[in-house]
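Below is one structure, written out as structure tokens; comments come after it.
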Number of protein chains: 2
Amino acid sequence: MVTIRQIAEEAGVSRGTVDRVINYRQGVNPDTEKRVREIAERLGYKPSVPGKMLAAKKKKIKIGFLVFDTPVALFFRDVYSAAKQKALEMDNLGISVKFYKAKQLDEQYLAGVLEQVEKDHLDGLILAPLHLPVFSEFLKRIEKSGIPAVFYNVDNDEGSRLSYVGCDYKESGRVAAGLTALSINNKGPIGIATVLDEKSPSSYERLMGFRKEIKKENPDITIINEDADYIFQENNCDAILELVEKHPEMKALYVINPGDCSIFEKVMARAANKDLKIITNDLLQKQRQLLKKGIITATIGQQPDVQGTLPIQMLYDYLVLGSMPQKDKIYTSLQIYIKQNL
Amino acid sequence: MVTIRQIAEEAGVSRGTVDRVINYRQGVNPDTEKRVREIAERLGYKPSVPGKMLAAKKKKIKIGFLVFDTPVALFFRDVYSAAKQKALEMDNLGISVKFYKAKQLDEQYLAGVLEQVEKDHLDGLILAPLHLPVFSEFLKRIEKSGIPAVFYNVDNDEGSRLSYVGCDYKESGRVAAGLTALSINNKGPIGIATVLDEKSPSSYERLMGFRKEIKKENPDITIINEDADYIFQENNCDAILELVEKHPEMKALYVINPGDCSIFEKVMARAANKDLKIITNDLLQKQRQLLKKGIITATIGQQPDVQGTLPIQMLYDYLVLGSMPQKDKIYTSLQIYIKQNL
DNA sequence: TTGTAGGCGTTATCAA
DNA sequence: TTGATAACGCCTACAA
């Protein structure tokens, strides 16, 4: 355990100088700097975590966390409750996390929330940057201000970020394909559907991943409704029911985004004793119940708890310990849930 | 953020006294103690994590970690490599983790290793206490010595422990049952097999969980070989191949413990183009490959990384922060792996 | 450009 | 039985 004190002694300078060198601060003689840096290198200096944590308390760090709290974005509830828990821990470390709840998804309303976010002087920001003009604008301003941000659930290359924590949607689609194939013994006609999401990036990527995987691995499976435009049409609930009725031979249905989940029971009612397998995404409360009842066959999770806690930890590590995230994207685990492992 | 300093001022005593009270040390006037405790309570004192971490460095805490490093216990390799990583982190916090590798599983050899463990003066111990007489003895001595222990992978009630981190084997069997049923559309004859483990508790519990779940949920599935004595017989590799040949109608095979995994390819060779589904446990390197090749249909994991890292963290929290584990048993997640989510 | 010193919260040691 | 003080490692304001 090498400390700045030891480096200071070795270099014949004061601790302050070593600190300046190590943290790339202004005003050190280049020769001194070089000497100190070499010694630090040679001795294998690693800053002490507790030391940094202790010293960080004086900084009164404030992190902002934007969540959506609407009936159509239920997934964020699970993210939020995990994040709240983590925020309490952070409070113990002298870091405060402020939550901003967006209760609607229309641009004007969101603009108001984002304005509020910018007013508070934050040291870091966590958000799911939807692909909407308000967010594009906002991301640019945040980037300019230099506030480090972590994106969760939705990635967005219109602004720079420390890291992304969320699902790899394409892979998620692939896993759904594998599960679907598994549940119908690799053959038969299947359907794809989604209730919400008019071609949101996440749904679209899942669709692409699903289709590609089926084509690659399962020559004996045919997808009844191939066309993306057809899948993402309006008033989808009715369209899905129609699809199921038109195709009694359908063996499985992949529901990308089930909305409020009421679609599942409706579909099963129409497909009565047809032994239709339903594969979907996420594990919200409703889905848990429907899995138990045997209405949903399997679902693929995206770790809402990790999406809530890891971004906070990453910002803490960055702001307090000065360490960059290991990866540019942290993908959540593609956990498969069936009746028995809820 | 209340500190002992604040409590000391409020109570009109020194920080030392507050420290004595809070940490239940000897030599405090009962009146003083009561007063200090009340103030701490009223102010909602929570010890500071960084403060404790910093102060802990002087204690030179040493944790022992026992792992098995034998050809038949490959799972422990993954535990070990995660634990090694975690040990490095701990080193940064001034805590050293010493590993003890047991290269054989016979009692005499193990006795030697355990003796070595006892010689070193450890502040905490992590081990998988196999159900063998050497361990029974050892656990009793450890318990008497008061050294806190965390068990992983194998629980054992012959000694007291802080917590257990590992698989819920019975639930693991249930999940295997659900997966098996899913892969054969809930009907048909299936088989159960295991290569290693003459009725080790983990295998036995998995078997029980599997059988019970099939009976409860799948009236149309019949288990060809019901009898535990038959499943756990000697020279199992041959017995399994025989089973597969005798029952060409078999739709799926649950392999509880595949040993070195060579059984899988052998079974598939015998069952050529029979479309036999194979369900198993763990995700070692071999299994990963076989899943990719489509020889194994699905497997159920038990988070070797968590088993390696969490016990270390728990002992750290206990020894440094003085916090007890949340639960008596921490079960690893019953993650399902198929070809697409390796 | 560099050094000094105090503080972050807890704990151990020594002195009273 | 209690108090005072010096660590633990880092950071920063101020002084030189």
Side-chain angles (χ1 to χ4, degrees), chain A residues 1-37 40 43-61 91-95 123 316-317 319-323, chain B residues 1-37 40 43-61 91-95 123 316-317 319-323:
Chain A
M1 281 274 43
V2 187
T3 70
I4 47 170
R5 180 169 237 126
Q6 286 168 46
I7 298 174
E9 277 171 22
E10 182 94 7
V13 295
S14 75
R15 291 177 278 154
T17 302
V18 175
D19 178 68
R20 278 183 276 266
V21 171
I22 284 168
N23 295 291
Y24 302 93
R25 290 188 231 285
Q26 301 290 350
V28 182
N29 183 311
D31 292 344
T32 315
E33 159 151 16
K34 200 179 169 193
R35 191 157 42 96
V36 169
R37 206 172 291 292
L43 265 43
Y45 171 77
K46 290 263 171 63
S48 143
V49 173
K52 287 223 177 217
M53 288 169 82
L54 208 44
K57 288 213 165 181
K58 293 188 256 188
K59 294 188 187 171
K60 299 283 174 200
I61 290 174
D91 209 59
N92 265 355
L93 302 179
I95 272 66
D123 303 287
Y316 181 86
D317 288 347
L319 293 167
V320 174
L321 311 181
S323 61
Chain B
M1 281 280 38
V2 187
T3 69
I4 47 169
R5 178 170 239 125
Q6 286 168 46
I7 297 174
E9 276 171 23
E10 182 94 8
V13 297
S14 76
R15 288 176 283 155
T17 302
V18 176
D19 178 67
R20 279 183 276 266
V21 171
I22 284 168
N23 293 291
Y24 302 96
R25 291 187 230 286
Q26 300 290 349
V28 182
N29 183 311
D31 293 345
T32 316
E33 159 150 16
K34 199 178 169 193
R35 190 156 43 93
V36 169
R37 208 171 287 293
L43 264 44
Y45 170 76
K46 289 263 172 61
S48 145
V49 173
K52 287 228 176 213
M53 287 170 83
L54 206 47
K57 289 214 168 182
K58 294 188 256 189
K59 294 188 190 170
K60 300 283 173 197
I61 291 174
D91 208 59
N92 265 354
L93 301 179
I95 273 66
D123 302 288
Y316 181 85
D317 288 348
L319 293 168
V320 173
L321 310 180
S323 62

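When reading the values below, keep in mind they use all heavy atoms of this one structure, side chains included, and skip hydrogens, waters and symmetry mates. Note on naming: letters A, B, ... go to the chains in the order of the sequence lines (proteins, then strands), and numbering restarts at 1 for each one.
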Measure from NZ on B:K46 to P on C:dT10 and round the result to the nearest Å.
13 Å

First of A:R25 and A:M1 reached from the 5' end of DNA chain D, by closest nucleotide:
A:M1

Atom CZ of B:R20 and atom C1' of C:dT11: how far apart are they, to the nearest Å?
10 Å

Are B:V2 and B:K46 packed together at the side-chain level, in the sense that at least one heavy-atom pair is separated by less than 4.5 angstrom?
no

Given the structure, check if the side chain of B:K58 and the base of D:dA7 hold any donor-acceptor pair shorter than 3.5 Å.
yes

Select base, sugar-phosphate, or nothing to describe what B:V49 touches, counting heavy atoms under 4.0 Å on all strands.
nothing

Can you tell me how far C1' of C:dT11 sits from CG of B:L54, to the nearest Å?
10 Å

Check the phosphate of C:dT10 against B:N23, side-chain N and O only, distance under 4.0 Å to OP1 or OP2. Yes or no?
no

What does A:N29 touch in the nucleic acid at a heavy-atom separation under 4.0 angstrom: a base, only the sugar-phosphate, or nothing?
sugar-phosphate

D:dC10 C1' sits how many Å from A:L321 CG, rounded?
12 Å

Counting side-chain heavy atoms from CB outward, which of C:dT4, C:dT11, D:dC10 is closest to A:P47?
D:dC10

Rounded to 10°, tell me the angle between the two end axes of the helix from C:dT1-D:dA16 to C:dA16-D:dT1, each built from five pairs.
50°

Would you say that B:M1 contacts A:K57 through its side chain, given a criterion of any heavy-atom pair below 4.5 Å between the two side chains?
yes

A:T17 side chain N/O closer than 4.0 Å to the phosphate oxygens (OP1, OP2) of C:dG3?
yes

Check each of B:R35, B:K34, B:E33 against B:R37 using the side chain to side chain contact (heavy atoms under 4.5 Å, CB included) test, and report the only one that passes.
B:E33

Between C:dC8 (C1') and A:K59 (NZ): distance, integer Å
12 Å

Locate the shortest heavy-atom distance separating A:L93 from B:P50; write the atom from each residue and the value.
CD2-CD, 3.8 Å

Using side-chain heavy atoms (C-beta onward) and a distance below 4.5 Å, is B:L54 in contact with A:M53?
no

Side-chain N,O (B:S48) to OP1/OP2 (C:dG9) below 4.0 Å:
no

Beyond-backbone contact of B:I4 with B:Y45, side-chain heavy atoms, under 4.5 angstrom:
yes

Examine D:dT1: is either OP1 or OP2 under 4.0 Å from a nitrogen or oxygen in the side chain of B:T32? Give yes or no.
no

Can we say A:K60 and A:D123 salt-bridge, meaning some charged N sits less than 4.0 Å from an Asp/Glu carboxylate O?
no

Once you round it to whole Å, what is the distance between P of D:dA7 and CG of B:D19?
18 Å

Let's test your reading of the model: under 3.5 Å, does the base of C:dT10 pair with the side chain of B:R15 as donor and acceptor?
yes

Per side chain to side chain contact (heavy atoms under 4.5 Å, CB included), B:V18 is matched among B:T32, B:N23, B:I7 by B:I7

Measure from CD1 on B:I22 to P on C:dT10 and round the result to the nearest Å.
7 Å

Result for 5'-nearest mapping on DNA chain D, choosing between B:G16 and B:G51, is B:G16

Applying a 4.0 Å non-hydrogen cut-off, can you work out what B:G12 is touching in the nucleic acid: base, sugar-phosphate, or nothing?
sugar-phosphate

Could you tell me how far apart A:I7 (CD1) and D:dC10 (P) are, to the nearest whole angstrom?
8 Å

Between the side-chain atoms of B:R5 and the base atoms of C:dG7, is any donor-acceptor pair under 3.5 Å?
no

With a 4.0 Å cutoff (strictly under), does any side-chain N or O of B:K57 reach OP1 or OP2 of D:dA7?
no

